[in-house]
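Below is one structure, written out as structure tokens; comments come after it.
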Amino acid sequence: MEFGLPEELIAVRNLAHEFAEKEIAPTTVKDDQEHFFRRELVSKMGELGFFGCVIPEEYGGTDLGFMALALITEEIARVHSAIRVHINMQIGPALALLHSGTEEQKKRWIPALIGGEILSCFAITEPNAGSDVASMAATATKGEQGYILRGTKTWISNAPVADVALVYACTDKAKKHHGISAFFVELNQPGVSRRTLEKLGAHASPTGELTFDNVIVPADCRIGPEGEGFKLCMWQLNQTRFNCASGALGVARAAREAAVSYANQREQFGQKIGQFQMIQDMIAQMVVEEEAARLLIYRAAYLADQKKPNNLEVSIAKYAAAEAAAHAADNALKILGAYGYSTEFPVERYLRDAKSYQIVEGSSNIQKLIIAQDALGYRKANR
Ligand code: GRA
């Protein structure tokens, strides 16, 4: 269903499709198996304007909007979900700067981020602060040269390779979430150490820990006022959650395509296995859940492009898409049987990658909490 997508969006989707097939697909299996991060893919996506579609032209973007972002992201994740992560690593900090940075900060960093010239990441999560963002322990203490940053961030995508990070830390611990501030931090400097973490999937996207041991952050690298970091973080997460939803959709689609293709080829008991109702049941579930997720993502994109609040709609879309991806990959594996379990077919990778979407950027349970508390009238998601 096209929903009357304008030609420029169809063109951008086709561009992303071709890029994914030509530039990502040939090494997907190898990159996944060897846990290899291909830096040039980020540069190429930057050059093609994929990161700039949600950024105004004055900062180097194309301003095509969130619908464009959804279309691009689905195409990339369909071929290799790990490469999707890089979209968020570049646009998350860029959007936070756009939202709360000074004019000087925007001009200084946004073009390089969306051009893929500098590798970026964002650092929220800590060993003891995952879903509960407000409980973070990292501190940024005001000194003569700026702020002194101390603490450890973990499960940070791109931590082993990033040049810069948007770091959230406490400037006034006593004020709890009102004492959190955001900083744009140069990572190639004394006091910053990194440790790579191994994980189930998304192998071609490096993940790790960042430790800040008395790192000096100039005062002009604080993003937004002191104490406004938690709100910026929640705002930013809404943008990057949207991208996760689109990535999960790409995985759900890949799993459905693999299952349909196999069911149309494989013969058992004298007929194509697609003829069996139990296979049809699983394929029907895949189709419905994928379509539903896509429509929910398009609704969230539409609202964002209308400059309307969409936190609730993003949480609904992210929850639906993450669950659809994990369910579709699980069903695809059942349909392919031993071939689904085999590393010679992509379905086991879809399952490994799909599971990440139920965890990252606010777990499925966090999305449900946001959705249910809004429905119950306890806490409005769109404010
Ligand atoms: O009234 P107030 O002044 O105290 O403000 C409150 C509220 O209005 C305060 O924060 C404000 N606030 C917001 N403001 C603007 C809360 N949400 C928003 C918002 N969306 N926009 C405190 O509010 P609260 O509701 O009491 O906060 P809470 O209970 O501490 O937290 C809520 C919640 C659980 C939803 C939140 O902490 C949360 O979203 N947690 C999940 C954390 C998360 O998503 N982490 C992801 C880490 S990054 C990552 O995964 C990278 C992956 C890379 C990739 O693959 O892309």
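Using cut-offs of 30° and 60° on the angle between ring planes, the pair His203 and His35 is parallel. The aromatic rings of Tyr262 and Tyr339 sit tilted relative to each other, their planes meeting at an angle between 30° and 60°.
Using a distance-only test at 3.5 Å, with no hydrogens or angles considered, a donor-acceptor pair links the side chain of Thr28 to the main chain of Ile24. Looking at Lys173, its side chain never comes within 3.5 Å of a backbone N or O of Lys176 through a donor-acceptor pair. No donor-acceptor pair under 3.5 Å is formed between the side chain of Arg256 and the backbone N or O of Met286. Of the possible donor and acceptor atoms, none in the side chain of Thr139 sits under 3.5 Å from a partner among the backbone N and O of Thr141.
The closest side-chain heavy-atom distance from Arg13 to Leu5 is below 4.5 Å. In this structure the side chain of Ile114 never reaches within 4.5 angstrom of the side chain of Gln90, judged on heavy atoms. Between Ile124 and Met136 the shortest side-chain heavy-atom distance falls below 4.5 Å. Counting heavy atoms from C-beta outward, Ile370 and Asn311 have side chains that stay 4.5 Å or more apart. Contact check for Val164 versus Leu113: side-chain heavy atoms found under the 4.5 Å cut-off. Contact check for Asn158 versus Pro206: side-chain heavy atoms found under the 4.5 Å cut-off. Annotation: side chain of His178 is not in contact with side chain of Glu228 (no heavy-atom distance under 4.5 Å). Annotation: side chain of Arg78 is not in contact with side chain of Val251 (no heavy-atom distance under 4.5 Å).
Closest approach of Arg352 and Asp32 over heavy atoms only: NH2-OD2, 2.8 Å. Of all heavy-atom pairs between Ala332 and Ala255, the closest is CB-O, 3.6 Å. Contact detail for Ser135 and Ala129: the closest heavy-atom pair is OG-CB, 3.4 Å. Residues Ser81 and Asp353 approach most closely at CB-OD2, 3.6 Å, considering heavy atoms. Here the shortest heavy-atom pairing between Ile76 and Arg84 reads CG2-N, 3.9 Å. Taking all atoms of both residues into account, the shortest heavy-atom contact from Thr152 to Thr211 is OG1-OG1, 3.3 Å.
For Phe50 and Phe19, the ring centers are positioned less than 6.0 Å apart.
Salt-bridge annotation for Asp213 and Arg150: absent, with no side-chain N of the basic residue lying under 4.0 Å from a carboxylate O of the acidic one. Under the 4.0 Å criterion applied to side-chain N and carboxylate O atoms, Glu40 and Lys44 are not assigned as salt-bridge partners. We find that Glu226 and Lys142 are joined by a salt bridge, their nearest charged nitrogen and carboxylate oxygen being less than 4.0 Å apart. Under a 4.0 Å N-O distance rule, the pair Glu209/Lys153 does not qualify as a salt bridge.
For the 3.5 Å distance criterion, the side chains of His99 and Gln236 fail to qualify, holding no donor opposite an acceptor. Side-chain N/O atoms of Arg38 and Thr27 include a donor and acceptor closer than 3.5 Å. No hydrogens or angles considered: nothing links the side chains of Glu75 and Asn14 as a donor-acceptor pair under 3.5 Å. For the 3.5 Å distance criterion, the side chains of Glu313 and Asn382 qualify, holding a donor opposite an acceptor.
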Below 3.5 Å, can you tabulate the donor-acceptor pairs from side chains in residues 51-60 to any protein atom, sequence neighbours excluded?
unit_1	atom_1	unit_2	atom_2	d
Tyr59	OH	Glu103	OE1	3.0
Tyr59	OH	Glu103	OE2	2.8

Apply the test side-chain contact (heavy atoms from CB on, under 4.5 Å) to residues Leu296 and Lys318: give CA-CA distance (whole Å), side-chain angles for both, the deciding distance (0.1 Å), then the verdict.
-> CA-CA 9 Å; Leu296 290 167; Lys318 201 260 178 183; over 6 Å; no

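Glu323 is linked by a side chain to side chain contact (heavy atoms under 4.5 Å, CB included) to Tyr319, Gln358, Ser364, counting only residues two or more places apart in sequence or in another chain.
Between atom SG of residue Cys221 and atom CD of residue Glu186 there is a gap of 9.0 Å, rounded to the nearest 0.5 Å.
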